[in-house]
Amino acid sequence: MTDQKPFIDIRHAQKSFGTLEVLKDINLQVQKGQIVAIIGPSGSGKSTLLRAINDLDPLTGGEVWLEDKRINKTLPHSQYEKHINLVRQEIGMVFQHFNLFPHLKVRENVTLAPKMLKGLSGTEANKLAEEQLEKVGMLERIDYYPSQLSGGQKQRVAIARALAMNPKVMLFDEATSALDPELVEEVNLVMKKLAQEHMTMIIVTHEMSFAEAVCDKVLFMDQGVVVEEGPPEVIFRNPKNDRTKEFLRKHLAGQNA
Amino acid sequence: MGLDFSVIPEYLDIVLWGAAWTIAITIGAAIVSFFGGIFLAVVALYASIFVRLPFRAFAFLFMGTPLLLQLFLIYFGLVQVGIDVPAFMAGVIGLGLHFAVYNSELLQTSILAVDKGQVEAARTLGLSRMQALRKVVIPQAIRDVVPPIGNNMIALLKDSALVSVIGVSELTLSAQRAIGSTYRPFEFYVLVAVIYYIINIFMEAAQRRVERRIQASK
């Protein structure tokens with residue numbers, strides 16, 4: 001495993017807003033099929049790191065690679081736009097606030113990008129939408145509008161929408177943080193299913209038990225640096241670093257309160 | 001001299017033809033103002049400064065001068081520089097562009113109000129900026145301005161009477177022609193007022209239908 005070329009390779013990622021440095025020399029390698037969780041207090045830079053992978057928040061320094069393709073390469077503006085639009089087709093992303101398109105039905109949310117970008121016909125796109133919605137258990141809501149769904153259902157549709165582009169990697173940016181506690185599990189189940197299918201995933205999360213159960217590797221970030229990384233059993237059961245210990249202790253206390 | 005509405009039937013076909021022209025001008029100008037409004041809003045928000053500035057000057061011209069003057073300029077003025085616009089077209093273009101500027105102002109605000117997450121989601125799927133704008137942002141922005149745009153369209157219907165001054169036989173001018181033969185201004189102006197009001201009712205009904213359909217997706 002370790003001598004394999006990484007699927008996603010983030011090298012010396014650096015990001016600053018003016019004088020504020022939010023990412024300081026971050027390195028992260030993700031192998032194909034691996035599931036990586038990024039945890040840490042808010043403001044630690046974990047979402048910024050995730051959003052740097054598909055260039056939603058461009059880095060100010062460092063490199064991001066997907067297989068043998070440099071994602072954040074230097075190109076003239078119009079060429080860069082073309083390049084990044086193609087790269088993004090290979091990287092699915094799920095947001096905290098779902099960001100479903102409210103003016104479109106569930107079906108159209110899923111078919112929009114495949115139709116526009118992959119030239120799928122109406123019939124092909126419908127079949128694809130049905131498959132993907134079946135997978136997340138939302139097929140029976142295919143003709144609903146997002147406003148008619150619960151938060152958990154919205155997020156499952158958002159996952160189906162991302163999967164419809166057949167991405168190589170899925171990024172989850174606090175996918176369950178905005179959900180009522182009783183709705184978290186249905187989204188977690190969908191993510192577990194993806195894990196079983198060996199989807200490569202990078203997950204920014206506050207759900208420690210979920211991260212421990214599903215992930216192969218955990219990164220603990222604080223103040224723009226990776227404080228500690230390792231397998232979940234080490235990070236959660238036997239962390240070396242004091243800041244990791246402190247964070248987990250506070251987090252567990254918060255959950256039990 | 002008392003009122004005598006019995007003169008109306010004889011001239012009813014002239015007046016109804018006028019109503020048909022008014023409806024045609026209103027529909028034509030509404031289409032121009034709708035798509036023109038979208039175009040102007042996108043230019044105002046996203047084009048480079050060199051493109052934006054001339055359009056801004058254009059918008060300023062259309063907002064800051066009387067519609068009547070604009071119609072004169074298009075119909076009588078442009079002939080002098082070799083552009084002969086037929087009266088009906090001049091009316092559609094003049095009214096259309098005038099209201100396009102107002103629609104554009106509404107749309108600019110509502111485009112900016114669409115949640116940033118919408119563009120992010122669209123871009124993440126691989127859509128370009130323009131594709132995201134066209135399929136995700138603008139449809140939502142339009143949804144939010146249907147009521148005020150509907151009000152603009154009703155104002156457009158009423159302002160279409162101004163097109164009579166460049167000789168289009170729309171509702172107001174056809175009434176004037178009937179009055180010219182009968183000397184019955186009160187009767188015909190009341191008739192025309194009623195017809196405008198009826199067209200208005202239909203437009204409001206259409207607007208409500210659109211709003212109801214949108215409500216389903218909100």
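In what follows, chains carry the letters A, B, and so on, assigned in the order in which the sequence lines appear, proteins first and then strands, with residues in each chain numbered from 1.
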Asker: When you look at CZ of B:Arg129, are more than 12 heavy atoms from neighbouring residues, nucleotides or ligands closer to it than 6.0 Å?
Answerer: no

Asker: Report which part of A:Arg51 has an atom under 4.5 Å of a heavy atom belonging to chain B: side chain, backbone, both, or neither.
Answerer: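 Contact with chain B: side chain only.
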
Asker: Taking everything shown except A:Tyr144 itself, do over 12 heavy atoms lie less than 6.0 Å from its OH?
Answerer: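 No, OH of A:Tyr144 has 12 or fewer neighbouring heavy atoms, counting only those of other groups under 6.0 Å.
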
Asker: For B:Met203, is the CE atom crowded, meaning more than 12 foreign heavy atoms sit under 6.0 Å from it?
Answerer: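 More than 12 heavy atoms, drawn from other residues, nucleotides or ligands, come within 6.0 Å of this atom.
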
Asker: Does A:Glu197 have more than 12 heavy atoms from other residues, nucleotides or ligands lying within 6.0 Å of its CD?
Answerer: yes

Asker: So for B:Arg134, is it side chain, backbone, both, or neither that comes closer than 4.5 Å to the heavy atoms of chain A?
Answerer: side chain

Asker: Non-hydrogen atoms of chain B under 4.5 Å away: do they reach the side chain of A:Leu86, the backbone, both or neither?
Answerer: neither

Asker: Please name the pair of heavy atoms, one in B:Gln118 and one in A:Pro102, separated by the smallest distance, quoted to 0.1 Å.
Answerer: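 Answer, listing the atom of B:Gln118 first, then A:Pro102: OE1-CD, 3.4 Å.
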
Asker: What pair of heavy atoms forms the shortest contact from B:Leu127 to A:Ala113, and how long is it?
Answerer: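 Closest approach of B:Leu127 to A:Ala113: CD1-CB, 3.9 Å.
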
Asker: With a 4.5 Å cut-off on side-chain heavy atoms, are A:Leu104 and B:Val136 touching?
Answerer: no

Asker: How many angstroms lie between atom CD1 of A:Ile84 and atom OG of B:Ser128, to the nearest 0.5 angstrom?
Answerer: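 The distance works out to 13.0 Å.
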
Asker: Just by distance, with hydrogens left out, do A:Asn85 and B:Arg123 show a side-chain donor and acceptor under 3.5 Å apart?
Answerer: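 Yes, a side-chain donor-acceptor pair sits under 3.5 Å.
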
Asker: Say you draw a straight line from NE2 of A:His103 to CG of B:Asp144; how long is it, rounded to the nearest 0.5 Å?
Answerer: 11.0 Å

Asker: Taking every heavy-atom pair that is under 4.5 Å apart, which of A:Gln148, A:Arg161, A:His97 has the most such pairs with chain B?
Answerer: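 Top count of heavy-atom pairs under 4.5 Å with chain B: A:Arg161.
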
Asker: Minimum heavy-atom separation for B:Leu125 and A:Met165, please, with both atom names.
Answerer: O-CE, 3.7 Å

Asker: Please check if atom CZ in B:Arg56 has more than 12 non-hydrogen atoms from other residues, nucleotides or ligands closer than 6.0 Å.
Answerer: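 No, because the 6.0 Å sphere around CZ of B:Arg56 holds 12 heavy atoms or fewer from other groups.
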
Asker: Can you confirm whether B:Tyr46 is buried at OH, in the sense that more than 12 heavy atoms of other residues, nucleotides or ligands lie under 6.0 Å from that atom?
Answerer: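 More than 12 within 6.0 Å, yes.
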
Asker: In terms of heavy-atom proximity below 4.5 Å to chain B, should A:Ile91 be classed as side chain, backbone, both, or neither?
Answerer: backbone

Asker: Taking all heavy atoms of A:Phe101 and all of B:Ala121, pick out the closest pair and write down the distance.
Answerer: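 Closest approach of A:Phe101 to B:Ala121: CE2-CB, 4.0 Å.
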
Asker: Once you round to the nearest 0.5 Å, how far does CD of B:Glu120 lie from CG of A:Asp57?
Answerer: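 Answer for the CD-CG pair, B:Glu120 versus A:Asp57, is 7.5 Å.
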
Asker: Kindly compute the distance separating NZ (B:Lys135) from CE (A:Met116), expressed to the nearest 0.5 Å.
Answerer: 5.5 Å

Asker: Identify the heavy atoms of A:Met93 and B:Thr124 that sit nearest to each other, and give their distance.
Answerer: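 Nearest heavy atoms, A:Met93 then B:Thr124: CB-CG2, 3.1 Å.
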
Asker: Should we say atom CZ of B:Phe202 is surrounded by more than 12 heavy atoms from elsewhere, each under 6.0 Å from it?
Answerer: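 No - once you tally the heavy atoms of other residues, nucleotides and ligands closer than 6.0 Å, there are 12 at most.
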
Asker: Quick check for you: among A:Leu56, A:Asn54, A:Asp55, which has the greatest number of heavy-atom pairs under 4.5 Å with chain B?
Answerer: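 The candidate making the most pairs under 4.5 Å is A:Leu56.
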
